Amino acid sequence: MREALSGPERLAVAVLSEPASSGGATLLGVALTRAEPRGPVFYLPVGHRYLCCPDQLPLSTVVPGLGDLLAARPLIGHDLKSTVKALHPLVLALCHDTMLASYLLNPGRRNHSLAELAAEHLGLQIPVADGPGSDPEQRPVADAAARLARELDVVLSLERLFDDRLAQAGLTKLFAQVEMPLIPVLDGMERAGILVDPEVLAALGQELATELAALEGKIHLLCGETFNVNSPAQLSRILFEKLKCPVIRRTKTGYSTDSDVLLSLEHDHKVEVARHVNEYRHLAKLKGTYVDALPRLISPTTGRLHTTFNQVVTATGRLSSVDPNLQNIPVRTPVGMRIRRAFHAPPGHLLLSADYSQIELRILAHLADSGFLKAAFARDDDIHRRTAARMFGMAEDQVTPDVRSRAKAINFGILYGMSAYGLSREVGISQDEARVFMDQYFAQFPEVRTYIDQQLKRARENGFVTTLTGRRRYLPQIQSTNGNERSFAERTAVNTPVQGSAADLIKIAMLAVHRRLADGRFRARMLLQIHDELVFEVPEEEAGPLSDLVKIEMERAMTLAVNIRVDLKAGRSWADLK
DNA sequence: GGTAAGACGTA
DNA sequence: CGTACGTCTTACCT
């Protein structure tokens, strides 16, 4: 499980209570407290872990019934592995929701959890924190734990139930060979952390503060009064009531002031202040979310930034990243790139980024078995340009940037299960035109049409769709008589196999790369995963060999009907990768 | 202190 | 009324 642990450690049983609004779920874990930078680790069943920072633990209480039980059994003190193993059945029985197990079995139905299974099995009422007259969280949880302790044998049968469910769903292999082994890989990445230069950010912060103040002044001047530009409500009042700007779109509570609306006001209605507000929002967002926030999260002991990768929250099988989220570091704008510049390699090292090229479209080509797409990728063509040429029956060199970008919008739209309505909105054409547009696409790419129809059929017949590894997403709403709900489920049925298979692919690649790095010949470390990209920190002299290794392992992680291409870049900082 | 809504950063 | 996330701010709740 975990070989090398440093610093003071203490084992405790903890109960984590989720807010009542989420159903009063309870969650029991084994906490291993340890030194910075990661804080306690919660090990959930068979090594599922919950990583939390100490100060963010909403509640941590030793459960009396469980504590007694533990004391009665020689669990604590030897090694972590045996301890966790011994605790496993108890933990399993009380775990609720957001667990990998329940997730693998039933990612689309958050309410259906192992806690409910346990309750059903034991005839036990799983405590609900906001139940009528119940003492907040602890007592019923403790009661439940004590009862479970007395019924260990029943609990053990739950384990078998879990295994059976996994096997029934064909998920044993995914669980045992991908998700479980990935845990120590993610843990290594979190512990490694990434270097961020607080001085670069501090300087940028100063600059942004000045610029924001100037923008705010301009906005107030143009609006004839001072107000809080950060408040959509106040801005809305100024723009649409005081200045009588035309209302472009409504939100459920008022008038929308999002960046598209402001862009329209600027260009179509000559509202000069709109541009300033957009600029203000952009800078304020980057300053608040990254420039100011990131330095505060740098670990005092490692001097680095350590994220937490969540393995069990997404519906598609992707990872997510929190505290901080290092999967959404800006990249599109000049200020964004200046933030990336603060992410850097230590002296004598480089950051190496390896990203899958057009991975979702390649997976679509594979899943739909599209001859045209496969051939285009085999030739390493500009896929959007090829799509445009094919759709509109023109030569490739006739494709203008505008036409190409429309084809690109369609390609993405297909991946997201887009409707004619959605396309019309995205490309700025009428719904009828969009319909013609899409018909043209499907006429040229009939296998894609077939693929979409097939996924919808599967979703309706099975109640779920699957990724290449068999990972499931349940879509009960596919049967809904509510058109919006049903449409959403239909788009999901199209998108999840693509997005989820890409997630499967990179997870398998991470395992392969990790194994190669673990053999001791490299000092390089994997630091980040950003959905289709892996970021490494590598001693300069290893950059060449590591690049070769990473490219090979990522490209051969799965064998598809299309070739897979990985692009590599390296540099001193995340902003100057070449 | 907690939450909803709006907005916006990434793939 | 194209997917998947996490975080910020305001505004309002208890």
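In what follows, every heavy atom counts, from backbone to side chain, and hydrogens, waters and symmetry copies are set aside. Just so it is clear, the structure is predicted and the values come from calculations on it, not from any experiment.
Between A/Ile506 atom CD1 and C/dC5 atom C1' the separation is 15 Å, expressed in whole Å. Here C/dG6 presents its C1' atom at 13 Å from CG of A/Leu297, a figure rounded to the nearest Å. The nearest whole Å value for the distance from the CZ atom in A/Arg435 to the C1' atom in C/dG2 is 14 Å. When rounded to the nearest whole Å, the span between CZ of A/Arg471 and C1' of C/dA4 equals 13 Å. One can place CG of A/Leu294 at 11 Å from P of C/dT7, the figure rounded to the nearest angstrom. Between the P atom of C/dT3 and the CG atom of A/Leu456 lies a distance of 14 Å, rounded to the nearest Å. One interatomic measurement links the two molecules: CZ of A/Arg473 to C1' of C/dC5, which rounds to 12 Å at whole-angstrom precision. Distance A/Ile359 CD1 to C/dA4 P: 19 Å, rounded to the nearest Å.
Under 3.5 Å, the side chains of A/Gln477 and A/Ser480 contain no donor-acceptor pair of N or O atoms.
Looking at heavy-atom distances under 4.0 Å, A/Ala293 makes contact with sugar-phosphate atoms alone, never a base. Residue contacts shown for A/Asn484 are absent, as no nucleic acid heavy atom lies under 4.0 Å away. At a threshold of 4.0 angstrom between heavy atoms, the contacts of A/Ser487 with the nucleic acid are absent. Here A/Gly417 lies out of heavy-atom contact (under 4.0 Å) with every strand.
Listed pair A/Arg491 / C/dG2 fails the phosphate criterion, with no side-chain N or O lying under 4.0 Å from OP1 or OP2. Residue A/Thr316 places no side-chain N or O under 4.0 Å from the OP1 or OP2 atom of C/dA4. Considering only side-chain N and O atoms, A/Gln234 lies nowhere under 4.0 angstrom from the phosphate OP1 or OP2 of C/dT9. Dashed line: the shortest gap from a side-chain N or O of A/Ser231 to OP1 or OP2 of C/dA11 is under 4.0 Å.
The number of heavy atoms from other shown groups lying within 6.0 Å of NZ (A/Lys242) is above 12.
Applying the ring pair (Phe, Tyr, Trp, His ring centres under 6.0 Å) criterion to A/Phe464, with sequence neighbours excluded, gives A/Tyr474. Residues that satisfy the salt bridge (charged side-chain N to carboxylate O under 4.0 Å, His left out) test with A/Arg491, not counting sequence neighbours, are absent from this structure. Annotation: salt bridge (charged side-chain N to carboxylate O under 4.0 Å, His left out) contacts of A/Glu485 (sequence neighbours excluded): none. Evaluation of the salt bridge (charged side-chain N to carboxylate O under 4.0 Å, His left out) rule for A/Asp453 yields A/Arg449 as partners, not counting sequence neighbours. Shown here are the salt bridge (charged side-chain N to carboxylate O under 4.0 Å, His left out) partners of A/Asp567, two or more places apart in sequence or in another chain: A/Arg565. Residues passing the ring pair (Phe, Tyr, Trp, His ring centres under 6.0 Å) test with A/Phe343 are A/Trp574, sequence neighbours excluded.
Nucleotides C/dC1 and B/dA5, compared at atom P, are 14 Å apart to the nearest Å.
Among residue pairs with one or both ends in residues 402-425 of chain A, those qualifying as ring-ring contact (aromatic ring centres under 6.0 Å, His included) are A/His384-A/Phe412; sequence neighbours excluded.
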Determine, for nucleotides 5-11 of chain B in 5'-to-3' order, which nucleotides have protein heavy atoms under 4.0 Å from the base (write B), from only the sugar-phosphate (write S), or from neither (write -).
SSBBBSB

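Sorted by residue number, the list of members of residues 436-451 of chain A with any non-hydrogen atom under 4.0 Å from DNA chain B is empty.
We find that A/Glu211 and A/Lys287 are not joined by a salt bridge, their nearest charged nitrogen and carboxylate oxygen being 4.0 Å or further apart.
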